[in-house]
Amino acid sequence: DSGSVVPYPSLVAQSESTQRNTSKSGSASTAAMGTSSSSSSSASALIISACDKAGMEGIDRTRVDEIIMRESAGSVYMKQQQKRDQNVNVKIDELKQKLAAKDYSMASINSNATSWRRAGEHALEPIIDELVQSRPRRSTCVVVDMDGFYISCELLSRPPELGNLPCCVGGNMITTSNYVARRYGVRAAMPGWIGDKLVEELSNGKERLIHIPSNFDLYTRKAHIIRGALAEYDPNLRAYSLDEAYLDIGPYVDLRVGRGWSHERVVATLASTSKHSCEDKEHVDEEVGNEEEFIHCNVDISAIAAVVKEMREKVKVATGGLTCSAGLASNFMLAKIASDQNKPNGQKVVGPSHKEVLEFVHPLSVRKVPGIGRVMEKMLNAFDIHIVHDLYKERALVQFLFKPASARFLLRASLGWSNDSLDPSAPEDDEVGSSSSASGQKGISKERTFSAGKSWEELNSKLEDVCRSLSQSMVEKNIKAHTITLKVKLHTFDVITRAKTMPRGIVLQNADQMIVEMTEMLLNVKRQHKGTFSVRLLGVRCSNFQGDEERSQDSGQMDISKFISTCSPIRASHNSLVHSTGTTKMTSRIEKKVDFAQKGAQTDAQVKNTDISSFFSKEKGWNKVEEFETAQVLDSGTNSTHALHSVDPGNVSSVPASR
DNA sequence: GGGCCCGGAGTCG
DNA sequence: TTCCACGACTCCGGGCCC
Ligand SMILES: Cc1cn([C@H]2C[C@H](O)[C@@H](COP(=O)(O)OP(=O)(O)OP(=O)(O)O)O2)c(=O)[nH]c1=O
Ligand SMILES: [Mg+2]
């Protein structure tokens, strides 16, 4: 359609209260008609407990939502959520105006308000082609996620009958619940008393939610056992959290299934080769064969699935009964999504072909994509994008609406092939790029919530406690930091942070030193703040670790002119850095890394014609019709260094200056 | 132009 | 009667500096 064009100037800011969700099922262009987007219900859509998590299928979520809303109605917390919600609505309306302006200007030239999208889609074709081309051809990425981890750990050492009752870990705040409790809508990040209410009311008073205090050490111990079991299958596994691990079992299945080796022999080989570097690499090549053989080793996917099943069983035995679920796919984004599909105690395989990938990912809610949270979901929904397929269908619109990094991420997600850093589910495949400090940790923090309305003296006392506690952790971990940040949460739930980076040569670890800085900062915050200074949380964070900066040769200061003019080898930093840092793994691993993170070298040819942001952003002056019709996204000499397929440049290029 | 710093926000488990 | 954590990471925009 699109015949009718909205006069741009008529788009006045909508009053948020007047929406009635007019944008039924019309295409996103309906949204462009200026009807205020914004959510339908007055309740903040950001907080209702979307019962879409594992173990919560088919429960009467209307009643759950009703109880939750009733329990939190009018609370300060709720008011804060509504404020957030309103801010998102404002953002949405801004985007809609931006879109309307685009359609309008296009229409004035072309008499067709939305044809620019076709052109945009056309411009995306080569990029999509390349992404599809570079897709891994095997499903050997595994995400293992423990079922109800904390609560399962707790129930292990308790009478089994307890497992049939609704249980959770945490008192005032629930960190997780068992699957019985989930049937009542009780879930992580829910305050305890709401969980109580849910169970009480939805069981008609027959049951009560059982709270078990948290025992973090227990979970940490179990986590180590789990990793030990999993490491047999991939010694280079990434532990994303206590209960979640990312593995590439390609090498394992090649030897175990492809070569028919025994489990023990495979484990021994992998273990001996993964650890160290160059010498071992040759050793591996002898023992394992060359990489072509590796790659073309066509292992039946059901055989890989069988390996995963066996692996899960080993975890269960090693932990004394903890179950886990797993996803098996050709990349970690898909594997992560898949790991949730057959929870608990199940697994899901996604084949590597383009067809299989799309069949899997397209019907899913965009919310399933790791990295798309409540806010992004709401924004997408406002443009009638609900499932991943919509994300693909509206790819031109998405490219136009969002910032390059987000747009890139969303496009890749819509193709089932994402490893952007916006997606935290893709842990870096190792130590090459970032922080030389052993753990790779970038910050450490401590924060405490207490009843609001404390006196000034009490506040300072709390702050000292937090500082001392943090300091102790830093001593234990041998961490010294350059930057310290104070966090203050007011009784309204508004958060204020203030940071200070110490002068050269001064480093933070000592408690008294931190206390000095923090108390001064707190005083400043208090002075700046107008209105009653009623605090419910104080926190301290240290970052910018000493030893994290390291190699920053060439610290000499240059004349400013050099900075501005000579901008030649922007992109060289990528390749050369990856190269020069020296990767120390066996060939097959490196191969893998290219598949996973696409960090390998890119040819200049690849770099060309890939920055589509310039195509959609009118700031660059690309919004004239001619360009759209020729649809060439040329580019480039400029800043188009981050192509859609180049991933997470931040990580590789983050070599901070010396301090 | 690009790096670092700061503060706000979003996301995850 | 009340009552919504904590630790970690990333990105973005604005300011300052070379
Ligand atoms: C989501 C979440 C988890 N956690 C902790 C408790 C969880 O047991 C642990 C792992 O998180 P999850 O894997 O998200 O949850 P889960 O393992 O308890 O349940 P399942 O995977 O079967 O759906 O992390 C929090 O402390 N806060 C949170 O908000
Ligand atoms: Mg889990």
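Scope of the values below: all heavy atoms of this structure, side chains included, with no hydrogens, waters or symmetry mates. Below, read A as the first sequence line, B as the second, and so on, with proteins coming before strands; counting in each chain starts at 1.
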message: Can you see whether A:N89 engages A:K378 through a side-chain donor-acceptor pair at a distance of less than 3.5 angstrom?
response: yes

- request: Would you sort out whether A:D145 and A:S325 count as a side chain to side chain donor-acceptor pair (under 3.5 Å), showing the intermediate values?
  value: CA-CA 5 Å; A:D145 187 311; A:S325 301; over 6 Å; no

- prompt: Do A:R182 and A:Y179 meet the cation-pi criteria used here (NZ or CZ under 6.0 Å from the six-membered ring centre, within 45° of the axis)?
  reply: yes

The side chain of [X] is closest to which nucleotide in this list: [options]?
X	options	answer
A:N544	C:dC12, B:dC5, B:dG13	B:dC5
A:T497	B:dT11, C:dC4, B:dG7	B:dG7
A:W193	C:dC3, B:dG8, B:dT11	C:dC3

- prompt: If you measure from the P atom in B:dC12 to the same atom in C:dC4, how many Å do you get, rounded?
  reply: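 Rounded to whole Å, the distance is 23 Å.
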
How long is the line joining [atom1] of [X] and [atom2] of [N], in whole Å?
X	N	atom1	atom2	answer
A:F402	C:dC12	CZ	C1'	15 Å
A:M78	C:dC4	CE	C1'	10 Å
A:M379	B:dT11	CE	C1'	12 Å
A:H491	C:dC4	NE2	C1'	15 Å
A:K336	B:dT11	NZ	P	15 Å
A:R541	C:dC9	CZ	P	6 Å
A:R374	B:dG13	CZ	P	13 Å
A:L410	C:dC11	CG	P	14 Å

Just the atom pairs and distances: protein N or O near nucleotides 5-7 of chain C's N or O, under 3.5 Å.
unit_1	atom_1	unit_2	atom_2	d
C:dA5	OP1	A:R536	NH1	2.8
C:dC6	OP1	A:T449	N	3.2
C:dC6	OP2	A:T449	N	3.3
C:dC6	OP2	A:T449	OG1	2.4
C:dG7	OP1	A:R448	NH2	3.4
C:dG7	OP2	A:E447	N	2.7

query: Among all residues two or more places apart in sequence or in another chain, which pass the salt bridge (charged side-chain N to carboxylate O under 4.0 Å, His left out) test with A:E464?
result: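 Listed in chain order: A:R468.
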
message: For A:R208, I'd like to know if atom CZ has over 12 heavy atoms of other residues, nucleotides or ligands within 6.0 Å.
response: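 Incorrect, the count does not exceed 12.
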
- request: Evaluate whether atom CG of A:D494 has more than 12 neighbouring non-hydrogen atoms of other residues, nucleotides or ligands under 6.0 angstrom away.
  value: yes

Counting just side-chain N and O atoms, does [X] come under 4.0 Å of either OP1 or OP2 of [N]?
X	N	answer
A:K442	C:dT10	yes
A:R187	C:dC4	no
A:R84	B:dG10	yes

- request: Would you mind classifying the nucleic acid contact of A:N172 as base, sugar-phosphate or nothing, using non-hydrogen atoms under 4.0 angstrom?
  value: nothing

message: Applying a 4.0 Å non-hydrogen cut-off, can you work out what A:S72 is touching in the nucleic acid: base, sugar-phosphate, or nothing?
response: base

- request: Please tell me which of A:V88 and A:L242 maps to the more 5' nucleotide of DNA chain B, matching each residue to the nucleotide holding its nearest heavy atom.
  value: A:V88

task: Please figure out whether A:K500 or A:M376 has its closest DNA chain B nucleotide nearer the 5' end.
output: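 Checking each residue's closest nucleotide, the 5'-ward one belongs to A:K500.
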
field: Residue of the set A:L209, A:V64, A:I67, A:L202 for which side-chain contact (heavy atoms from CB on, under 4.5 Å) holds with A:Y184
entry: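 Among the candidates, only A:L202 passes.
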
field: Carboxylate-amine/guanidinium contact A:K442 A:D548, below 4.0 Å
entry: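 No.
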
